[in-house]
Amino acid sequence: MDLSISHISFANFRSYERFDLDGIGPLTVLVGPNAVGKTNVVEGVQLLTAQSSFRHPPVEQLVRMGAPFARLTADATDGSRQLQLELRIAEGRKRFLLNGKGKRTADLKGLVPSVTFTPDDLELAKGSMAVRRAAIDALGSQLSANHYLIRRDYEKVLRHKNRLLKDEAPASLVAALDETLVMCGAQLACYRAALFEKLSERMASYYAEIADGRERLRACYVPSWEAHDPAAPATFSFGRDDARMALASALAARGGEERARRRALVGPHADRIELFIDGRNVSSFASQGQQRSVVLAFKLAEAALVQDILHQKPVLLLDDVMSELDAARRRALVAFISGDIQTFITTANLDYFDDDLLAAARVVRLPLAEG
Ligand SMILES: Nc1ncnc2c1ncn2[C@@H]1O[C@H](COP(=O)(O)OP(=O)(O)OP(=O)(O)O)[C@@H](O)[C@H]1O
(Lines give C-alpha, C1' and ligand atoms only; values in the text may rest on other atoms or scores of the structure.)
Protein backbone atom coordinates (compact mmCIF):
# COMPACT_ATOMS: atom_id res chain seq x y z
CA MET A 1 0.00 0.00 0.00
CA ASP A 2 1.16 3.55 -0.72
CA LEU A 3 2.01 6.00 2.00
CA SER A 4 -0.67 8.60 2.34
CA ILE A 5 -1.13 11.55 4.63
CA SER A 6 -3.61 11.16 7.46
CA HIS A 7 -3.07 14.35 9.44
CA ILE A 8 -1.47 17.76 8.95
CA SER A 9 -0.78 20.39 11.53
CA PHE A 10 0.74 23.87 11.16
CA ALA A 11 1.74 26.29 13.90
CA ASN A 12 2.65 29.87 12.97
CA PHE A 13 2.96 28.95 9.31
CA ARG A 14 2.12 31.80 6.86
CA SER A 15 -1.35 33.13 7.76
CA TYR A 16 -2.07 30.31 10.24
CA GLU A 17 -1.54 30.58 13.95
CA ARG A 18 -2.84 27.01 14.02
CA PHE A 19 -4.18 24.73 11.33
CA ASP A 20 -5.10 21.10 11.97
CA LEU A 21 -6.72 18.63 9.63
CA ASP A 22 -7.30 15.08 10.80
CA GLY A 23 -8.64 11.93 9.18
CA ILE A 24 -7.44 12.97 5.72
CA GLY A 25 -8.61 10.59 3.01
CA PRO A 26 -7.87 10.18 -0.70
CA LEU A 27 -9.52 13.39 -1.88
CA THR A 28 -9.70 16.70 -0.02
CA VAL A 29 -11.24 19.79 -1.58
CA LEU A 30 -10.34 23.00 0.27
CA VAL A 31 -12.81 25.73 -0.56
CA GLY A 32 -12.93 29.32 0.57
CA PRO A 33 -12.75 32.96 -0.47
CA ASN A 34 -9.64 34.71 -1.77
CA ALA A 35 -6.71 35.11 0.62
CA VAL A 36 -8.25 32.74 3.21
CA GLY A 37 -5.12 30.55 3.16
CA LYS A 38 -5.91 27.78 0.63
CA THR A 39 -2.60 28.04 -1.21
CA ASN A 40 -0.79 28.20 2.11
CA VAL A 41 -2.11 24.70 2.89
CA VAL A 42 -0.89 23.37 -0.46
CA GLU A 43 2.48 25.02 0.10
CA GLY A 44 2.73 23.53 3.61
CA VAL A 45 2.06 20.02 2.32
CA GLN A 46 4.54 20.54 -0.54
CA LEU A 47 7.21 21.68 1.93
CA LEU A 48 6.68 18.59 4.04
CA THR A 49 6.67 16.16 1.11
CA ALA A 50 8.97 17.68 -1.54
CA GLN A 51 11.05 19.80 0.86
CA SER A 52 10.52 22.77 -1.45
CA SER A 53 7.88 25.37 -2.27
CA PHE A 54 6.68 26.31 -5.73
CA ARG A 55 6.64 29.91 -4.51
CA HIS A 56 10.40 29.87 -3.75
CA PRO A 57 9.94 32.29 -0.83
CA PRO A 58 12.64 33.66 1.45
CA VAL A 59 12.61 31.37 4.50
CA GLU A 60 11.47 34.09 6.91
CA GLN A 61 8.29 34.66 4.85
CA LEU A 62 7.09 31.17 5.82
CA VAL A 63 6.82 32.14 9.48
CA ARG A 64 3.66 33.92 10.54
CA MET A 65 4.32 37.64 10.86
CA GLY A 66 5.38 38.50 14.40
CA ALA A 67 5.93 34.83 15.45
CA PRO A 68 9.41 33.58 16.38
CA PHE A 69 9.20 30.18 14.64
CA ALA A 70 6.94 27.89 12.64
CA ARG A 71 6.32 24.17 12.91
CA LEU A 72 4.63 21.96 10.32
CA THR A 73 3.94 18.26 10.64
CA ALA A 74 2.29 15.59 8.54
CA ASP A 75 1.56 12.03 9.62
CA ALA A 76 1.73 9.48 6.84
CA THR A 77 0.92 5.81 6.91
CA ASP A 78 0.70 2.86 4.55
CA GLY A 79 -1.17 0.69 7.03
CA SER A 80 1.96 -0.75 8.61
CA ARG A 81 4.50 2.09 8.74
CA GLN A 82 3.77 5.35 10.59
CA LEU A 83 5.90 8.34 9.63
CA GLN A 84 5.89 11.84 10.97
CA LEU A 85 7.34 14.42 8.60
CA GLU A 86 8.22 17.66 10.32
CA LEU A 87 9.61 21.03 9.36
CA ARG A 88 10.78 23.58 11.90
CA ILE A 89 11.56 27.08 10.75
CA ALA A 90 13.37 29.54 13.00
CA GLU A 91 15.98 32.29 12.62
CA GLY A 92 15.86 32.11 8.84
CA ARG A 93 16.64 28.38 8.75
CA LYS A 94 14.64 25.29 7.84
CA ARG A 95 15.16 22.03 9.66
CA PHE A 96 13.53 18.78 8.56
CA LEU A 97 12.82 15.90 10.93
CA LEU A 98 11.52 12.40 10.44
CA ASN A 99 9.88 10.76 13.45
CA GLY A 100 11.44 13.45 15.62
CA LYS A 101 15.02 12.97 14.33
CA GLY A 102 16.83 15.67 12.32
CA LYS A 103 17.44 14.68 8.67
CA ARG A 104 19.33 16.12 5.74
CA THR A 105 17.04 17.26 2.92
CA ALA A 106 18.63 14.73 0.56
CA ASP A 107 17.68 11.86 2.91
CA LEU A 108 13.98 12.73 2.72
CA LYS A 109 13.73 13.06 -1.05
CA GLY A 110 11.19 10.65 -2.48
CA LEU A 111 9.96 9.33 0.86
CA VAL A 112 6.48 10.82 0.44
CA PRO A 113 6.73 12.48 -2.99
CA SER A 114 4.29 15.05 -4.31
CA VAL A 115 3.36 16.66 -7.61
CA THR A 116 2.10 20.22 -7.44
CA PHE A 117 0.05 21.87 -10.16
CA THR A 118 -0.66 25.60 -9.87
CA PRO A 119 -1.70 28.29 -12.36
CA ASP A 120 2.01 29.33 -12.52
CA ASP A 121 2.70 25.99 -14.21
CA LEU A 122 1.04 27.33 -17.36
CA GLU A 123 4.43 28.99 -17.84
CA LEU A 124 5.79 25.55 -18.71
CA ALA A 125 4.26 25.90 -22.16
CA LYS A 126 5.05 29.51 -23.02
CA GLY A 127 7.48 30.74 -20.39
CA SER A 128 11.26 30.77 -20.35
CA MET A 129 13.43 27.67 -20.62
CA ALA A 130 14.41 28.25 -16.98
CA VAL A 131 10.87 27.27 -15.94
CA ARG A 132 11.11 23.96 -17.82
CA ARG A 133 14.60 23.21 -16.49
CA ALA A 134 13.47 23.97 -12.94
CA ALA A 135 10.48 21.63 -13.34
CA ILE A 136 12.72 18.77 -14.47
CA ASP A 137 15.14 19.38 -11.62
CA ALA A 138 12.35 19.57 -9.06
CA LEU A 139 11.02 16.22 -10.28
CA GLY A 140 14.51 14.68 -10.55
CA SER A 141 15.31 15.83 -7.01
CA GLN A 142 12.36 13.90 -5.62
CA LEU A 143 13.24 10.82 -7.65
CA SER A 144 16.94 10.74 -6.84
CA ALA A 145 18.95 12.31 -4.05
CA ASN A 146 21.93 12.30 -6.47
CA HIS A 147 20.07 14.52 -8.90
CA TYR A 148 19.28 16.91 -6.05
CA LEU A 149 22.89 16.95 -4.83
CA ILE A 150 24.55 17.33 -8.25
CA ARG A 151 22.22 20.16 -9.15
CA ARG A 152 23.06 21.91 -5.90
CA ASP A 153 26.79 21.46 -6.58
CA TYR A 154 26.43 22.66 -10.15
CA GLU A 155 24.60 25.80 -9.07
CA LYS A 156 27.32 26.56 -6.56
CA VAL A 157 30.03 26.22 -9.23
CA LEU A 158 28.00 28.29 -11.67
CA ARG A 159 27.50 31.10 -9.15
CA HIS A 160 31.24 31.09 -8.47
CA LYS A 161 32.06 31.17 -12.20
CA ASN A 162 29.63 34.02 -12.87
CA ARG A 163 31.24 35.99 -10.04
CA LEU A 164 34.71 35.46 -11.53
CA LEU A 165 33.52 36.49 -14.99
CA LYS A 166 31.77 39.56 -13.63
CA ASP A 167 34.93 40.58 -11.75
CA GLU A 168 37.01 39.95 -14.90
CA ALA A 169 39.19 37.45 -13.01
CA PRO A 170 42.22 35.94 -14.82
CA ALA A 171 41.32 33.39 -17.52
CA SER A 172 43.38 30.72 -15.71
CA LEU A 173 41.08 30.93 -12.67
CA VAL A 174 37.99 30.55 -14.85
CA ALA A 175 39.60 27.62 -16.72
CA ALA A 176 40.36 25.87 -13.42
CA LEU A 177 36.74 26.23 -12.33
CA ASP A 178 35.56 24.98 -15.73
CA GLU A 179 37.07 21.58 -14.90
CA THR A 180 34.67 21.22 -11.97
CA LEU A 181 31.85 22.67 -14.04
CA VAL A 182 32.42 19.98 -16.68
CA MET A 183 32.26 17.18 -14.09
CA CYS A 184 29.08 18.40 -12.40
CA GLY A 185 27.53 19.79 -15.59
CA ALA A 186 27.93 16.60 -17.62
CA GLN A 187 26.40 14.57 -14.80
CA LEU A 188 23.47 16.94 -14.41
CA ALA A 189 22.81 17.02 -18.17
CA CYS A 190 22.82 13.19 -18.22
CA TYR A 191 20.44 12.91 -15.26
CA ARG A 192 18.10 15.43 -16.83
CA ALA A 193 18.18 13.93 -20.31
CA ALA A 194 17.54 10.39 -19.02
CA LEU A 195 14.66 11.58 -16.88
CA PHE A 196 13.27 13.73 -19.65
CA GLU A 197 13.25 10.82 -22.08
CA LYS A 198 11.00 8.85 -19.72
CA LEU A 199 8.85 11.88 -18.94
CA SER A 200 8.37 12.84 -22.57
CA GLU A 201 7.15 9.36 -23.51
CA ARG A 202 4.42 9.59 -20.90
CA MET A 203 3.67 13.19 -21.78
CA ALA A 204 3.14 12.19 -25.39
CA SER A 205 0.67 9.49 -24.44
CA TYR A 206 -1.29 11.72 -22.01
CA TYR A 207 -1.34 14.46 -24.63
CA ALA A 208 -2.71 12.05 -27.23
CA GLU A 209 -5.47 11.08 -24.78
CA ILE A 210 -6.34 14.68 -23.93
CA ALA A 211 -6.36 15.67 -27.62
CA ASP A 212 -8.39 12.55 -28.57
CA GLY A 213 -5.50 11.30 -30.68
CA ARG A 214 -5.82 14.19 -33.13
CA GLU A 215 -2.41 15.73 -32.39
CA ARG A 216 1.01 14.45 -31.50
CA LEU A 217 3.30 15.97 -28.87
CA ARG A 218 7.03 15.56 -29.07
CA ALA A 219 9.58 16.90 -26.62
CA CYS A 220 13.37 17.20 -26.94
CA TYR A 221 16.16 17.86 -24.48
CA VAL A 222 18.80 19.99 -26.20
CA PRO A 223 22.14 20.29 -24.36
CA SER A 224 23.87 23.69 -24.48
CA TRP A 225 26.74 22.35 -26.61
CA GLU A 226 24.39 21.55 -29.51
CA ALA A 227 23.37 24.14 -32.05
CA HIS A 228 19.71 23.31 -32.61
CA ASP A 229 17.18 24.96 -34.86
CA PRO A 230 14.11 25.40 -32.59
CA ALA A 231 11.83 25.23 -35.63
CA ALA A 232 12.12 21.44 -35.85
CA PRO A 233 12.31 18.53 -33.38
CA ALA A 234 15.58 16.62 -33.08
CA THR A 235 16.97 13.88 -30.85
CA PHE A 236 20.24 14.16 -28.96
CA SER A 237 21.54 11.14 -27.09
CA PHE A 238 24.70 11.17 -25.06
CA GLY A 239 26.39 9.37 -22.21
CA ARG A 240 28.49 10.88 -19.44
CA ASP A 241 31.81 10.69 -21.32
CA ASP A 242 30.28 12.22 -24.46
CA ALA A 243 28.77 14.96 -22.34
CA ARG A 244 32.08 15.72 -20.62
CA MET A 245 33.92 15.98 -23.93
CA ALA A 246 31.23 18.04 -25.64
CA LEU A 247 30.91 20.38 -22.68
CA ALA A 248 34.69 20.86 -22.38
CA SER A 249 35.07 21.68 -26.07
CA ALA A 250 32.07 24.04 -26.08
CA LEU A 251 33.54 25.84 -23.05
CA ALA A 252 36.91 26.14 -24.82
CA ALA A 253 35.27 27.38 -28.01
CA ARG A 254 33.11 29.99 -26.27
CA GLY A 255 35.50 31.05 -23.48
CA GLY A 256 36.25 34.38 -25.21
CA GLU A 257 32.56 35.13 -25.62
CA GLU A 258 31.88 34.27 -21.96
CA ARG A 259 34.62 36.68 -20.84
CA ALA A 260 33.34 39.40 -23.19
CA ARG A 261 29.74 39.01 -21.97
CA ARG A 262 30.91 38.43 -18.39
CA ARG A 263 28.61 35.49 -17.76
CA ALA A 264 28.58 31.71 -18.19
CA LEU A 265 26.94 30.74 -21.47
CA VAL A 266 27.65 27.01 -21.68
CA GLY A 267 26.40 24.31 -19.32
CA PRO A 268 23.12 22.75 -18.16
CA HIS A 269 21.84 26.16 -17.02
CA ALA A 270 21.61 26.94 -20.75
CA ASP A 271 20.15 23.59 -21.90
CA ARG A 272 16.85 23.78 -23.73
CA ILE A 273 13.66 21.76 -23.51
CA GLU A 274 11.72 22.12 -26.73
CA LEU A 275 8.10 21.02 -27.13
CA PHE A 276 6.43 20.42 -30.48
CA ILE A 277 2.83 19.71 -31.47
CA ASP A 278 2.66 18.06 -34.87
CA GLY A 279 6.17 19.34 -35.58
CA ARG A 280 5.48 22.96 -34.60
CA ASN A 281 7.22 24.58 -31.65
CA VAL A 282 4.76 25.10 -28.76
CA SER A 283 6.52 28.34 -27.66
CA SER A 284 5.66 30.10 -30.89
CA PHE A 285 2.63 28.29 -32.30
CA ALA A 286 0.46 26.65 -29.65
CA SER A 287 -3.03 27.99 -28.95
CA GLN A 288 -4.11 28.68 -25.35
CA GLY A 289 -5.98 25.37 -25.28
CA GLN A 290 -3.01 23.45 -26.65
CA GLN A 291 -0.74 25.08 -24.07
CA ARG A 292 -3.06 23.98 -21.29
CA SER A 293 -3.14 20.44 -22.66
CA VAL A 294 0.68 20.37 -22.78
CA VAL A 295 0.93 21.48 -19.17
CA LEU A 296 -1.72 19.02 -18.03
CA ALA A 297 0.08 16.21 -19.89
CA PHE A 298 3.36 17.29 -18.27
CA LYS A 299 1.85 17.13 -14.78
CA LEU A 300 0.08 13.80 -15.27
CA ALA A 301 3.32 12.38 -16.71
CA GLU A 302 5.21 13.60 -13.65
CA ALA A 303 2.79 11.83 -11.34
CA ALA A 304 2.89 8.61 -13.39
CA LEU A 305 6.68 8.64 -13.49
CA VAL A 306 7.01 9.10 -9.73
CA GLN A 307 4.80 6.07 -9.30
CA ASP A 308 6.79 3.98 -11.80
CA ILE A 309 10.19 4.86 -10.42
CA LEU A 310 9.55 5.06 -6.68
CA HIS A 311 6.70 2.52 -6.57
CA GLN A 312 4.90 5.06 -4.45
CA LYS A 313 2.06 7.22 -5.65
CA PRO A 314 2.78 10.92 -5.17
CA VAL A 315 0.44 13.20 -3.30
CA LEU A 316 -1.21 15.43 -5.88
CA LEU A 317 -1.52 19.10 -4.91
CA LEU A 318 -3.79 21.06 -7.23
CA ASP A 319 -3.93 24.73 -6.40
CA ASP A 320 -6.80 26.54 -8.06
CA VAL A 321 -6.27 24.86 -11.43
CA MET A 322 -9.84 23.81 -12.17
CA SER A 323 -10.73 27.39 -13.11
CA GLU A 324 -7.83 27.41 -15.60
CA LEU A 325 -9.02 24.30 -17.47
CA ASP A 326 -11.98 23.88 -19.77
CA ALA A 327 -14.52 21.10 -19.24
CA ALA A 328 -12.68 18.49 -21.39
CA ARG A 329 -9.34 19.06 -19.67
CA ARG A 330 -11.02 19.07 -16.27
CA ARG A 331 -12.50 15.67 -17.14
CA ALA A 332 -9.04 14.32 -18.04
CA LEU A 333 -7.69 15.55 -14.72
CA VAL A 334 -10.61 14.17 -12.73
CA ALA A 335 -10.22 10.78 -14.45
CA PHE A 336 -6.61 10.73 -13.28
CA ILE A 337 -7.52 11.70 -9.71
CA SER A 338 -10.13 8.99 -9.62
CA GLY A 339 -7.31 6.50 -10.22
CA ASP A 340 -6.78 6.34 -6.48
CA ILE A 341 -4.09 8.95 -5.91
CA GLN A 342 -4.20 11.06 -2.76
CA THR A 343 -5.17 14.56 -3.83
CA PHE A 344 -5.65 17.98 -2.28
CA ILE A 345 -7.49 20.52 -4.43
CA THR A 346 -8.09 24.16 -3.62
CA THR A 347 -10.81 26.26 -5.15
CA ALA A 348 -12.79 29.41 -4.56
CA ASN A 349 -15.76 27.91 -6.37
CA LEU A 350 -17.24 24.40 -6.14
CA ASP A 351 -19.14 24.89 -9.42
CA TYR A 352 -16.10 23.60 -11.31
CA PHE A 353 -16.55 20.17 -9.72
CA ASP A 354 -19.07 17.61 -10.81
CA ASP A 355 -21.34 15.91 -8.30
CA ASP A 356 -19.57 12.54 -8.51
CA LEU A 357 -16.25 14.09 -7.58
CA LEU A 358 -17.76 16.06 -4.72
CA ALA A 359 -19.54 12.96 -3.45
CA ALA A 360 -16.19 11.16 -3.26
CA ALA A 361 -14.41 14.12 -1.66
CA ARG A 362 -14.13 15.56 1.77
CA VAL A 363 -14.97 19.22 1.33
CA VAL A 364 -13.18 21.42 3.85
CA ARG A 365 -14.46 24.97 4.13
CA LEU A 366 -11.92 27.62 5.05
CA PRO A 367 -11.60 29.35 7.40
CA LEU A 368 -12.00 26.31 9.65
CA ALA A 369 -14.56 26.73 12.39
CA GLU A 370 -12.94 27.37 15.78
CA GLY A 371 -12.90 24.59 18.34
N1 LIG B 1 4.20 35.06 6.83
C2 LIG B 1 2.92 35.43 6.79
N3 LIG B 1 2.33 35.94 7.92
C4 LIG B 1 1.02 36.29 7.91
N5 LIG B 1 0.22 36.18 6.84
C6 LIG B 1 0.76 35.70 5.71
C7 LIG B 1 2.12 35.28 5.63
N8 LIG B 1 2.37 34.85 4.38
C9 LIG B 1 1.21 34.96 3.70
N10 LIG B 1 0.25 35.47 4.50
C11 LIG B 1 -1.15 35.77 4.13
O12 LIG B 1 -1.79 34.63 3.60
C13 LIG B 1 -2.83 35.08 2.74
C14 LIG B 1 -2.76 34.37 1.41
O15 LIG B 1 -3.07 33.07 1.60
P16 LIG B 1 -3.22 32.14 0.32
O17 LIG B 1 -2.26 32.51 -0.75
O18 LIG B 1 -3.16 30.77 0.86
O19 LIG B 1 -4.68 32.54 -0.14
P20 LIG B 1 -5.70 31.74 -1.05
O21 LIG B 1 -6.82 31.29 -0.18
O22 LIG B 1 -4.99 30.69 -1.84
O23 LIG B 1 -6.19 32.91 -1.97
P24 LIG B 1 -6.55 32.99 -3.53
O25 LIG B 1 -7.84 32.25 -3.70
O26 LIG B 1 -6.69 34.47 -3.72
O27 LIG B 1 -5.41 32.41 -4.27
C28 LIG B 1 -2.60 36.54 2.45
O29 LIG B 1 -3.60 37.28 3.12
C30 LIG B 1 -1.24 36.80 3.01
O31 LIG B 1 -1.08 38.11 3.50
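The structure displayed is predicted, hence computed values, not measured ones. Order of listing sets the numbers, starting from 1, for every ligand and every atom in it. The analysis underlying the following values was restricted to heavy atoms, covering all of them including side chains, and did not include hydrogens, waters or symmetry mates.
Among protein heavy atoms, atom 25 (O) of ligand 1 sits closest to Lys38 NZ, 2.8 Å. Scanning all protein heavy atoms for the shortest distance to atom 3 (N) of ligand 1 gives Met65 N, 3.0 Å. Summary of contacts: the protein heavy atom closest to atom 27 (O) of ligand 1 is Thr39 OG1, 3.9 Å. Among all non-hydrogen protein atoms, the one lying nearest atom 8 (N) of ligand 1 is Arg14 CD, 3.2 Å. Nearest protein neighbour of atom 26 (O) of ligand 1, counting heavy atoms only, is Asn34 ND2, 3.1 Å. Of the protein's non-hydrogen atoms, Asn40 N, 2.7 Å is the one closest to atom 18 (O) of ligand 1.
In this structure Phe353 satisfies the ring pair (Phe, Tyr, Trp, His ring centres under 6.0 Å) test with no other residue, sequence neighbours excluded. Taking Glu324 as the reference, Pro119, Leu122, Arg292 meet the side-chain contact (heavy atoms from CB on, under 4.5 Å) condition, with sequence neighbours excluded.
Heavy-atom separations between Gly37 and ligand 1 include at least one value shorter than 4.0 Å. Using a non-hydrogen distance threshold of 4.0 Å, Asp320 does not register as a contact of ligand 1.
Contacts of Glu43 with ligand 1, taken as heavy-atom pairs under 4.0 Å, are absent altogether. Counting heavy atoms under 4.0 Å from ligand 1, residue Glu60 does not touch it at all. Under 4.0 Å from ligand 1, not a single heavy atom of Asp319 appears. When non-hydrogen atoms are compared, ligand 1 lies under 4.0 Å from the backbone of Ser15 as well as from its side chain.
Close approach of ligand 1 to Val63 is summarised as follows: ligand atoms under 4.0 Å from at least one heavy atom of the residue are 1 (N), 2 (C). Less than 4.0 angstrom separates some heavy atom of Arg64 from each of these atoms of ligand 1: 1 (N), 3 (N). Under a 4.0 Å criterion applied to the non-hydrogen atoms of Ala35, ligand 1 contributes the atoms 13 (C), 19 (O), 20 (P), 21 (O), 23 (O), 24 (P), 26 (O), 29 (O).
In this pair, Tyr221 and Phe196 present their aromatic rings tilted. The plane angle is within the 30 to 60° band.
Ion pairing between a basic and an acidic side chain is recognised when a charged N comes within 4.0 Å of a carboxylate O; Lys161 and Asp178 show such pairing. Remark: Asp320 does not engage Lys38 in a salt bridge, criterion side-chain N to carboxylate O under 4.0 Å. For Glu302 and Lys299, the salt-bridge test passes: some basic side-chain N is under 4.0 Å from an acidic carboxylate O. Under the 4.0 Å criterion applied to side-chain N and carboxylate O atoms, Glu91 and Arg93 are not assigned as salt-bridge partners.
A donor and an acceptor atom, one from each side chain of Ser6 and Asp75, are nowhere located under 3.5 Å apart. With no hydrogens or angles considered, a side-chain donor-acceptor pair links Ser283 and Arg132 at under 3.5 Å.
The nearest protein heavy atom to atom 30 (C) of ligand 1 is not closer than 4.0 Å. Under the 4.0 angstrom criterion, atom 16 (P) of ligand 1 counts as having a protein heavy-atom contact.
The number of heavy atoms from other shown groups lying within 6.0 Å of CZ (Arg362) is above 12.
The residue from Arg202, Gln290, Arg216 that alone fulfils the side chain to side chain contact (heavy atoms under 4.5 Å, CB included) condition with Tyr207 is Gln290.
Checking only distances, Val36 does come within under 3.5 Å of ligand 1, N or O to N or O.
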